[in-house]
Amino acid sequence: MTETTEVPPLTVVSAAGGGGAGRRTAKSRAGGGGSRTARPGLGWALPAVLFFGLFAIVPLVLVAVLSFARWNGLGAPEFAGFDNWVTLFHDPVMIKSLWLSVLLTVLGAAVQTPLSLLLGVWAAGPQRNRAVLAAIFFVPLLLSATAVSVLWRALLDPNFGVPAQAKWLFGDGNLLGSRTGAIGVLVLVGAWQFTPLHTLIYQGATKAIPQVLYQAAAIDGAGTLRQFFHITLPQLRNSILTSVILMIVGGLTTFDTVLILTQGGPGTDTTISAFYMYQKAFKGFDFGAGAAIALLLVVVATVISLIVVRISGYDKMAGTQEGL
Amino acid sequence: MKSRFSRTVASGAVLALALSLAACGGGSGSAGGKDEFHVLVYGDAGNKVEKQIVATFNKTSKVKAVLDTIPGADYQQKLQTIINTPQAPDVFFNWGGGSIQPFVKADLLLPLDDMIKQDPALKANFLPSVFNSAAIDGKAYGVPMRGTQPVLLFNNKKVLADAGVQPPQTWDELIAAVKKLKAKGVTPIALGGGDQWPTLMWFEYLYDRIAGPGLIEKALSGDKSVWDSADSKKALSMLKELVDAGGFGTNYDSVKFTDGGSPALLASGKAGFELMGSWEYSTQQNAAPDFAKNDLGYSNFPSVPGGKGDAADLVGNTNNFYSVLKKTKHADDIAKFLKLMYSDEFVKAQLAVGNLPTTTNTDKFLSTGGDPGYLKYQLDLVGKAPAFQLSWDQAYTQDNSTPLHQAVQQFVNGRLDSGGFIKAMQALKTSG
């Protein structure tokens with residue numbers, strides 16, 4: 001219980017920071033208003049803080065403790081010092097899995113960002129047929145990752161699926177049984193599954209860009225391309241960041257598609273860290289090693305997110321509407 | 001106004017939290033009430049029989065049996081997660097061998113020797129080779145339930161006839177058949193390499209035929225040198241010969257058994273053979289009933305002349321077992337429940353769903369089963385087999401299954417050479 005009671009001040013500070021940024025925008029828009037800018041009472045944050053503490057901080061602390069123990073799920077955990085960590089850093093599969101996680105994340109972002117950006121901007125247009133098409137396009141978003149994976153597995157069956165019909169393109173169809181093939185399939189399925197979500201973000205953000213900007217540009221004689229590069233893209237900067245951070249967090253924690261499509265195989269060629277953690281903890285019953293991998297993944301994801309935020313200047317919370 | 005409201009919210013949140021915590025705590029104590037015991041089984045089509053047996057038991061017993069099921073591949077994970085908690089069952093389904101060894105080590109299981117002393121039929125009415133695969137350090141920890149599952153070499157009769165091939169009796173005949181089938185343009189052998197365990201079956205049989213069943217027994221008891229022996233290397237080179245001859249085609253690692261991929265290859269005539277557990281029959285009956293009825297053939301794994309293993313040896317899942325937890329309060333009632341595992345009613349119910357129980361009275365009811373010919377063939381095989389090797393991934397403890405499966409897959413697809421495979425097998429953890 002002591003952890004949870006100590007958490008509130010920390011979180012309150014960051015909440016106040018967020019409130020501050022909101023206040024600034026409110027001020028610049030409404031010219032400042034006394035009652036609107038008042039801080040909300042601490043009580044409002046309490047349920048969220050409690051739940052965050054109970055379901056995020058406490059498990060994280062437990063996982064950290066467990067990473068220094070030997071435990072097969074039976075009996076009491078045994079203190080193991082740094083054993084799990086030493087083994088982990090000497091484990092070639094672990095190092096490979098981190099590299100694979102990063103590779104899949106980067107490939108995923110590289111494929112999905114341009115695709116969802118263009119689709120989102122397109123779908124934000126006013127015609128009705130776009131709205132209908134966009135609605136159909138979002139269907140993959142509604143399917144569970146398991147359903148998506150099972151569907152693609154059947155589609156990609158080398159003897160009865162698409163590869164059997166298009167031998168000129170797929171050869172023997174050994175997609176999931178080869179390293180490049182399996183990684184390619186994971187990127188493709190990830191893109192199919194998550195591009196709609198990011199498209200949705202871009203669609204919403206594009207619709208929020210004030211029309212006056214385009215009207216002014218049109219008067220100055222700017223064409224569609226110029227408008228896109230000089231108005232739409234800069235205005236979507238924060239949305240791009242949001243979307244990329246979501247992709248990074250999602251990419252590093254990808255699990256279900258790997259479990260169903262490749263099971264980390266062939267060999268260890270698609271054993272990404274999140275799946276390796278599952279393999280160690282729940283298939284090998286080495287919960288200490290699993291906990292160490294989990295913690296390592298948290299650290300790596302946090303560091304990457306921080307780097308992205310710092311490089312992009314997102315931490316300064318600069319509003320896109322400033323200077324209007 | 002504001003501060004009073006936040007206080008209300010705060011106390012409400014704390015109350016809600018306390019309630020939810022209390023609810024969690026309360027749930028754990030209620031499992032395994034006074035007049036019932038819980039039977040945990042793998043959730044699949046076989047539950048039909050288990051439900052019937054539990055109902056029969058409950059008709060006459062004061063203490064009631066409650067059947068719990070966990071579906072599919074999550075069974076072992078869920079079991080190990082709950083077995084040391086108040087939610088643990090009293091009796092549970094397992095594969096014998098390494099699958100229960102960690103529980104025996106953690107002193108969670110009840111040795112059944114006292115029960116057997118009071119009712120010798122609990123042991124005597126089962127085939128000994130099967131019964132013993134759930135014994136650890138000379139003590140019995142499991143009573144067979146469900147049926148035996150030997151691995152057989154299935155074939156598509158029509159494809160074989162078209163290519164002028166007979167089910168192979170020897171390894172050389174198999175290689176010759178592979179070449180003939182390949183010339184006909186079909187994949188000689190369907191293999192669900194994506195699942196990895198179907199690939200393992202080829203290793204299990206080749207090692208048995210060449211080195212005899214002793215090699216894996218020695219390896220399991222901790223003698224790692226056997227993997228480096230001449231026999232081991234010979235088995236690997238013969239498997240390599242089969243792979244290089246194109247026996248499995250080239251895309252086997254993209255095919256799975258579990259999603260119906262490799263059985264469909266066999267049923268559709270795109271492949272000639274498939275090495276698979278006896279459940280292949282019911283799988284085909286569900287997916288391709290006409291094929292199962294007319295063209296599904298089966299034979300034992302070919303012999304390897306000059307090898308140490310008997311050509312009648314089998315590998316596979318010897319059986320499934322019920323094991324009992326030490327802390328159960330109803331050991332006497334459970335003993336009565338286990339007696340049903342060799343009852344006539346049980347045998348008949350299993351045969352009806354295509355399972356082959358390993359009781360001594362199975363013979364009597366064989367003709368009542370779905371396909372008496374197939375059942376009789378299996379029973380003869382199991383009855384005559386000098387050795388019945390439990391699948392390696394079940395004989396080794398659970399923590400070995402991932403590295404074992406990976407080594408097997410990588411040797412066949414060429415990513416590991418025989419030296420690498422031997423090293424990987426020597427790195428497996430044994431209790432010996």
Side-chain angles (χ1 to χ4, degrees), chain A residues 4 38 40-51 53-54 72-76 93 150 153-154 156-161 163-164 170-179 181-182 185 259-269 271 276 278-287 289, chain B residues 2-14 16-17 20-21 74 76-78 80-84 102-103 105-108 187 190 193-196 249-256 259-262 264-265 268 270-271 397-403 405-407 409-410 413 415-416:
Chain A
T4 42
L42 291 185
W44 292 98
L46 204 60
V49 168
L50 276 174
F51 272 98
L54 194 68
N72 67 352
L74 307 169
V93 180
V150 170
R153 219 192 135 100
L156 294 174
D157 186 291
N159 301 301
F160 302 99
F170 292 99
D172 65 356
N174 194 22
L175 286 175
L176 291 165
S178 70
R179 188 189 341 203
V185 168
L259 177 73
I260 294 166
L261 280 169
T262 68
Q263 289 178 350
T268 55
D269 285 345
T271 303
Y276 195 46
Y278 163 80
Q279 234 175 18
K280 281 272 178 199
F282 289 99
K283 286 187 95 176
F285 298 109
D286 188 349
F287 287 96
Chain B
K2 203 186 77 187
S3 68
R4 199 180 61 193
F5 189 77
S6 61
R7 218 180 301 146
T8 321
V9 170
S11 53
V14 170
L17 207 62
S20 65
L21 285 177
D74 299 332
Q76 186 78 9
Q77 275 98 306
K78 177 86 191 279
Q80 182 140 352
T81 319
I82 62 169
I83 196 158
N84 206 17
F103 306 151
K105 249 192 188 162
D107 199 26
L108 294 170
T187 306
D195 284 321
Q196 297 170 333
T250 55
N251 58 19
Y252 45 84
D253 274 346
S254 299
V255 180
K256 280 187 172 188
D259 65 5
S262 60
L265 271 178
S268 66
K270 291 188 180 201
T397 49
Q398 283 288 314
D399 48 346
N400 288 302
S401 70
T402 300
H405 283 152
Q406 278 169 357
Q409 181 180 38
Q410 289 183 315
N413 72 19
R415 291 283 292 275
L416 271 184

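Heavy atoms only: backbone and side chains are in, while hydrogens, waters and symmetry mates are out. Here is the naming used below: chain letters follow the sequence lines, and residue numbers restart at 1 for every chain.
To the nearest 0.5 Å, atoms NZ (A/Lys283) and CD (B/Gln77) are separated by 7.0 Å. Annotation: the span from A/Leu261 atom CG to B/Ser254 atom OG amounts to 11.0 Å, rounded to 0.5 Å.
Of the two parts of B/Pro102, the backbone and the side chain both hold a non-hydrogen atom closer than 4.5 Å to a non-hydrogen atom of chain A. With a threshold of 4.5 angstrom between heavy atoms, B/Gln80 approaches chain A through its backbone and through its side chain. When heavy atoms are compared at a cutoff of 4.5 Å, B/Thr250 approaches chain A by way of both its backbone and its side chain. If you measure heavy-atom distances from B/Ala407 to chain A, you find no contacts under 4.5 Å at all. Proximity to chain A is absent for every atom of B/Thr187, based on heavy atoms less than 4.5 angstrom apart. Only the side chain of B/Gln409 comes within less than 4.5 Å of a heavy atom in chain A; its backbone stays farther off. At a 4.5 Å heavy-atom cutoff, the contact between B/Lys256 and chain A is made by backbone and side-chain atoms alike. Using a 4.5 Å cut-off between heavy atoms, B/Leu416 makes no contact with chain A at all. Contacts of B/Leu265 with chain A are made by both backbone and side-chain atoms, with heavy-atom separations under 4.5 Å.
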Go through it in stages, so that I can follow the logic: the residues are B/Gln406 and A/Gln279, the test is side chain to side chain contact (heavy atoms under 4.5 Å, CB included), and I'd like the CA-CA distance, side-chain angles, deciding distance and then a yes or no. CA-CA 12 Å; B/Gln406 278 169 357; A/Gln279 234 175 18; 3.9 Å; yes
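Listed options A/Thr268, A/Asp286, A/Leu176, A/Asp172 were ranked by heavy-atom pairs under 4.5 angstrom with chain B; first place goes to A/Asp172. Interface summary for chain A: among B/Asn400, B/Val255, B/Asp253, the most heavy-atom pairs under 4.5 angstrom belong to B/Asp253. The greatest number of non-hydrogen atom pairs below 4.5 Å with chain A, out of B/Asn84, B/Thr81, B/Asn251, B/Thr397, is found for B/Asn251.
Checked by atom type and distance alone, the side chain of B/Lys270 pairs as donor or acceptor with a backbone atom of A/Asn159 at under 3.5 Å.
Pairing each heavy atom of A/Phe160 with each of B/Gly261, the nearest pair is CE1-O, 3.8 Å.
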